Amino acid sequence: MPQSTLQPAGEAAEAIAVLFYWMSAGAVVIWIIVVGLAVYAIYQPGQHHPQTIKRWVIGGGAVFPTIVLTGLLCASLPMMPELQRPAPEGSLHVHVSGVRWWWRITYQIDDETVVETANEIRLPVGRPVEFKLDSEDVIHSFWIPALGGKVDMMPGRQTRLKLHPTRVGTFRGVCAEFCGAAHAQMNFDVVVMPADEFDVWLKQLTRPTASSQEPDATDGEKHFFAVGCHACHAIRGTQASGSMGPDLTHFGSRPSIAAGLLPNDHDNLVRWITETDRVKPGVDMPAFHAMDRQQAAEIAAFLEGLK
């Protein structure tokens, strides 16, 4: 899964990559000159003309680096207004909240309609997107390396970020600010889709979930409510309305679980339910170590069927 600023898939990431290459080239030139002077001094011992030495030291060690760094600064400053400019009016708005250690994601459909999901962001290619970012506990940092720069997410304060995807694909987003025990396991999937497919997906996201009618899934739904999962999780179209944990509506269509930690398949889901604290130490979700394996498998079947 791409997670590199040097494989850009967004306008901001492309600008940052170009600046990185120019800065690297400038650093290499300065390094060559400074190291070259040091090598010359080592392999050409003896007396040298003081005026010549002064010219090389001042010119190569101070004047030239200052010129190069000033040029790079002047080249980078014009990037800032465009990177900071809000997305055009009418653009898609996505609200992302960092929670130890997962992501609450809300799409603003219109002035009155919002729909929540978790740990997966889908975006339309070729359209600018305005992100509103905040945190529900500690400082996090929102970063999708292939699409743009990173922005801190702070409790009690909302920050913003504009991204403009230019390439279809699946990318990886991360928390770029140490936030506790499971910081390295706080990731999310970013799926950039053709615009028409995204519109269909977003319309589907607003609908209540459709659960499987298989016997295991039906039994799993009963177990889900019996053990109290609905107290923390919401599933639109059911009586589950908890808000402490991730919204599980359409959970079965997500590519990963546990904030990008494991592929979303049956065995991993059973393991996540019964060994939560071992898979991801520090999370608030209780581990059901004493749960019967068959019961856990039926709950997993129920969740897999939420599409």
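The structure presented is a predicted model; accordingly, all values stated were derived computationally and were not measured. Residue numbers start at 1 and run along the sequence shown.
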What I want to check is whether the side chains of [X] and [Y] have a donor and an acceptor closer together than 3.5 Å.
{"X": "His223", "Y": "Glu298", "value": "yes"}
{"X": "Thr166", "Y": "Glu14", "value": "yes"}
{"X": "Asp137", "Y": "His140", "value": "yes"}
{"X": "His266", "Y": "Glu304", "value": "yes"}

Minimum heavy-atom separation for [X] to [Y], with atom names?
{"X": "Met186", "Y": "Cys179", "value": "SD-SG, 3.9 Å"}
{"X": "Asp216", "Y": "Ala301", "value": "CB-CB, 4.0 Å"}
{"X": "Pro88", "Y": "Ser91", "value": "O-OG, 2.6 Å"}
{"X": "Ala300", "Y": "Ile273", "value": "N-CD1, 4.1 Å"}
{"X": "Asp247", "Y": "Ala234", "value": "OD1-O, 3.4 Å"}

Is Val99 reachable from Ile105 through a run of hydrophobic residues whose side-chain heavy atoms are each under 4.5 Å from the next?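 Not linked; separate clusters.
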
Are Trp201 and Tyr107 an aromatic pair by the rule of ring centers under 6.0 Å?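 Yes: the rings meet the under 6.0 Å criterion.
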
Phe188-Phe142 aromatic ring centre distance below 6.0 Å: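 So the answer is yes for these two rings.
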
Strictly below 4.0 Å, N to O, side chains only: are Asp199 and Arg127 in salt-bridge contact?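 Salt bridge between Asp199 and Arg127, a charged N being under 4.0 Å from a carboxylate O: yes.
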
With a 4.0 Å cut-off on N to O distance, would you call Glu82 and Lys162 a salt bridge?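 Judged by the 4.0 Å cut-off on N to carboxylate O distance, Glu82 and Lys162 do form a salt bridge.
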
Enumerate the side chain to side chain donor-acceptor pair (under 3.5 Å) contacts for residues 254-265, please, sequence neighbours excluded, ordered by first and then second residue.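 Checked against side chain to side chain donor-acceptor pair (under 3.5 Å) - neighbours excluded - the pairs reaching residues 254-265 are Thr117-Arg254, Asp189-Ser256, Asp265-Asn268.
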
Pairing residues for Arg278 by the side chain to side chain donor-acceptor pair (under 3.5 Å) criterion, not counting sequence neighbours: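 Side chain to side chain donor-acceptor pair (under 3.5 Å) list for Arg278, sorted by chain: empty.
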
For the CE atom on Met23, are there more than 12 heavy atoms of other groups (residues, nucleotides or ligands in this structure) within a distance under 6.0 Å?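 Not buried by this count: 12 neighbours or fewer within 6.0 Å.
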
Report the relative orientation of the aromatic rings in His183 and Phe178; use parallel for angles under 30°, tilted for 30 to 60°, perpendicular for over 60°.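 Judged by the thresholds at 30° and 60°, the geometry between His183 and Phe178 is perpendicular.
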
Just verifying a value: how many Å separate Thr276 OG1 and His289 NE2, rounded to the nearest 0.5 Å?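 The distance works out to 7.5 Å.
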
Find the distance between CZ (Arg207) and OG1 (Thr249) and round it off to the nearest 0.5 Å.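 If we round to the nearest 0.5 Å, Arg207:CZ and Thr249:OG1 are 14.0 Å apart.
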
If the test is side-chain contact (heavy atoms from CB on, under 4.5 Å), which one of Pro246, Ser97, Cys175 qualifies with Trp103?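 Passing option: Cys175.
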
